[in-house]
**Q** 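I have a structure here, written as structure tokens, and I will follow up with some questions on it.
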Number of protein chains: 2
Amino acid sequence: MTRTETLSESLEDYLETIFLLIREKAVARSRDIAERLKVSRPSVTGALQALAERALVNYEPYGHVTLTPAGEVEAKRVVRRHGVLKDFMVKVLSIGEAEADATACRMEHAVSKNVVDRLVEFAEFVETCPRAGAKWVHGFGYRCQEAAADPSQQSCERCIEQCLTDVKKRKQKGNKTIASATLKDLKPGERGQIERLLGGGPVKRRIADMGVIKGSLVEVVRVAPLGDPIDIKIKGYHLSLRKEEAAGIAVSRLPEK
Amino acid sequence: MTRTETLSESLEDYLETIFLLIREKAVARSRDIAERLKVSRPSVTGALQALAERALVNYEPYGHVTLTPAGEVEAKRVVRRHGVLKDFMVKVLSIGEAEADATACRMEHAVSKNVVDRLVEFAEFVETCPRAGAKWVHGFGYRCQEAAADPSQQSCERCIEQCLTDVKKRKQKGNKTIASATLKDLKPGERGQIERLLGGGPVKRRIADMGVIKGSLVEVVRVAPLGDPIDIKIKGYHLSLRKEEAAGIAVSRLPEK
DNA sequence: TAAGTATGTTAGGCAAGTCTAATAAATACT
DNA sequence: AGTATTTATTAGACTTGCCTAACATACTTA
Ligand SMILES: [Mn+2]
Ligand SMILES: [Mn+2]
Ligand SMILES: [Mn+2]
Ligand SMILES: [Mn+2]
């Protein structure tokens, strides 16, 4: 009877993998866990027993593995950390998908919620602040790929000019430009900024608890065929909303990329 | 005879600690290593034996511990990763010193040189690009500390105005404003941007190998009493230069903070 | 329904990393 | 110099996490 208060990196990975397998394939088989984690099947059995002892999975020999509520909470935490770190590396630092993914899966065990939250904040700030903005970030990525070429004194001048004209344009068009919409209207891949949360149901609370405020970024990940469960990503959290719930979230569309 | 090609997180930490102790106190005693790493003394002995087997430290029972050249290289790598991650968290993300330090020491084992380099690039870009700049970063930190207060629509306007006036000023004053100096002229704590590397000695090569280009940030960390060994930080690397060498590096001063 | 195959578990072993208790060496103090 | 104290090492044990080989169960299919 060992009472290890904190979860080891290894067990966090098992939890993460189980969660993702269940999400993707409806069921997490020992075989698949082993394959994903590049580990032998007996190792998986061992891990499942350890997780069961900690009441994070429901497990009995030869039976189906499911996550307990506590296990799901823990798994989601890991998944979020992984996602946030990966996104930051890919979108802000211009690291390649594969490397970002692998690195994120190692870093995810080291960062606190605090740091992750701040990272999300910063990435959003960088992507949406008119003084920086998507183009600016993209410029950094470009600069990186071009490496040492062009110490950017020249292009820096051009960059500022561009920024000035952009801001002027924005001012001329004024605030009314923002075609107001609700989350329900966005298509997969589209992103928007929260304008406000209509209606005060449990969704509002759930979302507010995540640190979402006016101006927060939200991205529609997937919309089910009938438009009902809408998967969104917000503050690094993955969320599944019903159509009516999504209709209660006013957003302003954001340009792609 | 075990040949583990890659160093474990644990051994990296021992190496890091030994390196820092030697730098600070001239000698790394088993007792101090144990204390810093919060580990028992026998554990240290074990680690030293493991490191000695890998030819990373010079070790014999009851003797002084020193790093072999290979060990020093490895240790410096770890120290740099730690420093870069910590700096990013403190300066860009506005995470507190203590938490940043602890987190950096866990993340340092997970990030590749590639990611660290990119992180340095990005932090420099963010701090020096006129469209972002130190004030802008600071604004983000401030926003974070103020938390949910002020979704920044208001202050965003003000921020842009400020940026515009700043850029205008910069233009009026023109390029001649940049009081050219050399690294030798900077005081501890001051930062500058590399203008060019005068003279083509080995220093130039050493520095160029680190990815330093025109525009790279450099910070003077410490200057010895007689002004001779000058400690600088550049691209996350720690470097010690002689006075003459520092005099060969043309920089433009950067405003504090 | 009776193989035959795929999947999962047990048994046994090993390496890394940590600990405590006991011992040895080095250093500091009369 | 001789004892006390500090510092370092050895011995032995334990935990975690991984492995291979052998066995058990579940699913497939003839
Ligand atoms: Mn992981
Ligand atoms: Mn992961
Ligand atoms: Mn560390
Ligand atoms: Mn460290």
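Per chain, numbering begins at 1; letters A, B, ... match sequence-line order. All heavy atoms count here, side chains included; hydrogens, waters and symmetry mates do not.
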**Q** For B:V44, answer base if it contacts any base atom (sugar-phosphate contacts may also be present), sugar-phosphate if it contacts only those atoms, and nothing otherwise; contact means non-hydrogen atoms under 4.0 Å.
**A**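 The residue B:V44 makes no contact with any strand.
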**Q** Find the distance A:H64:NE2 to D:dA26:P and express it as a whole number of Å.
**A**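 Taking atom P of D:dA26 as the reference, NE2 of A:H64 is at 11 Å.
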**Q** Roughly how many Å is it from CD in A:E53 to P in D:dT15, rounded to a whole number?
**A**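 Going from A:E53 (CD) to D:dT15 (P), I get 12 Å.
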**Q** Using atom CZ of A:R41 as one end and atom P of D:dC19 as the other, report the distance to the nearest whole Å.
**A**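 These atoms are roughly 12 Å apart.
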**Q** Whole angstrom is fine here: how far is it from CG in A:D13 over to C1' in D:dT16?
**A**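 Between C1' of D:dT16 and CG of A:D13: 15 Å.
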**Q** Looking at C:dT10, C:dA25, D:dT25, which one has an atom nearest to any side-chain atom of A:Y62?
**A**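 The closest nucleotide is D:dT25.
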**Q** With nearest nucleotides of DNA chain D determined for B:G63 and A:A47 from heavy-atom distances, which residue corresponds to the more 5′ nucleotide?
**A**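 Nearest-nucleotide comparison on DNA chain D picks B:G63.
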**Q** Phosphate oxygens OP1/OP2 of C:dT10: is one of them under 4.0 Å from a side-chain N or O of A:Q49?
**A**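 Indeed, a polar side-chain atom of A:Q49 lies that close.
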**Q** Is the shortest side-chain N to carboxylate O distance from B:E108 to B:K86 below 4.0 Å?
**A**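 Here B:E108 does not pair with B:K86 in a salt bridge, since their nearest N and O are not under 4.0 Å apart.
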**Q** Quick one: is B:S10 getting a side-chain N or O under 4.0 Å of the C:dA16 phosphate, OP1 or OP2?
**A**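 The answer is no; no side-chain N or O of B:S10 sits under 4.0 Å from OP1 or OP2.
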**Q** Of the nucleotides C:dG17, D:dT9, C:dT9, which has the atom closest to the A:P61 side chain?
**A**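 Looking only at heavy atoms from C-beta outward on A:P61, the closest nucleotide is C:dT9.
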**Q** Just the rounded figure in Å: distance from P of D:dT15 to CZ of A:R54.
**A**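 In whole Å, D:dT15 P and A:R54 CZ are 12 Å from each other.
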**Q** Could you check whether B:S40 gets within reach of a base, just the sugar-phosphate, or nothing at all, counting any heavy atom under 4.0 Å?
**A**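 If one applies the 4.0 Å heavy-atom cut-off, B:S40 turns out to touch a base.
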**Q** How is A:E35 classified with respect to the nucleic acid when contacts are heavy atoms under 4.0 Å: base, sugar-phosphate, or nothing?
**A**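 No contact.
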**Q** Select base, sugar-phosphate, or nothing to describe what A:S43 touches, counting heavy atoms under 4.0 Å on all strands.
**A**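 Here A:S43 touches the bases of the nucleic acid.
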**Q** Of B:A50 and B:P42, whose nearest nucleotide on DNA chain C comes first from the 5' end?
**A**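 Counting from the 5' end, the first nearest nucleotide belongs to B:A50.
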**Q** Against A:R81, only a single residue in A:E9, A:E12, A:E74 fulfils salt bridge (charged side-chain N to carboxylate O under 4.0 Å, His left out); can you say which?
**A**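 Between A:R81 and the candidates, salt bridge (charged side-chain N to carboxylate O under 4.0 Å, His left out) is satisfied uniquely by A:E12.
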**Q** Under a 4.0 Å threshold between the charged nitrogen and the carboxylate oxygen, would B:D117 count as salt-bridged to B:R80?
**A**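 Counted as a salt bridge, because a side-chain N and a carboxylate O are separated by less than 4.0 Å.
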**Q** Let me see the working for A:D101 and A:T103 under side chain to side chain contact (heavy atoms under 4.5 Å, CB included), right down to the final yes or no.
**A** CA-CA 5 Å; A:D101 200 63; A:T103 307; over 6 Å; no
**Q** Counting heavy atoms from C-beta on, name the nucleotide in C:dG17, D:dT9, C:dT18 closest to the side chain of B:Y59.
**A**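 Closest nucleotide to the B:Y59 side chain: D:dT9.
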**Q** Say whether, by atom type as modelled, one donor and one acceptor occur between the side chain of B:E127 and the main chain of B:E124 under 3.5 angstrom.
**A**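 Such a contact is absent between B:E127 side chain and B:E124 backbone.
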**Q** Measure from CZ on A:R29 to C1' on C:dT5 and round the result to the nearest Å.
**A**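 Rounded to the whole Å, the gap is 13 Å.
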**Q** Just call it for A:S30: base, sugar-phosphate, or nothing, with non-hydrogen atoms closer than 4.0 Å on any strand.
**A**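 Sugar-phosphate, no base atom in range.
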**Q** Checking all strands, does A:E9 fall into the base, sugar-phosphate, or nothing category for heavy-atom contacts under 4.0 angstrom?
**A**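 No contact.
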**Q** Check the distance between C:dA16's P and B:H109's NE2 and give it to me in whole angstrom.
**A**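 Whole-Å distance recorded here is 18 Å.
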**Q** Roughly how many Å is it from CG in B:L11 to C1' in C:dA16, rounded to a whole number?
**A**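 It works out to 9 Å between those atoms.
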**Q** Using the rule given for ring-ring contact (aromatic ring centres under 6.0 Å, His included), can you reason through B:Y14 versus B:Y59, listing the C-alpha separation, both sets of side-chain angles and the distance that settles it, and then say yes or no?
**A** CA-CA 13 Å; B:Y14 281 104; B:Y59 166 78; over 10 Å; no
**Q** If you check every side-chain atom of A:T45, which of D:dT10, C:dT10, D:dA8 has the closest atom?
**A**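 Within the option list, the nearest is C:dT10.
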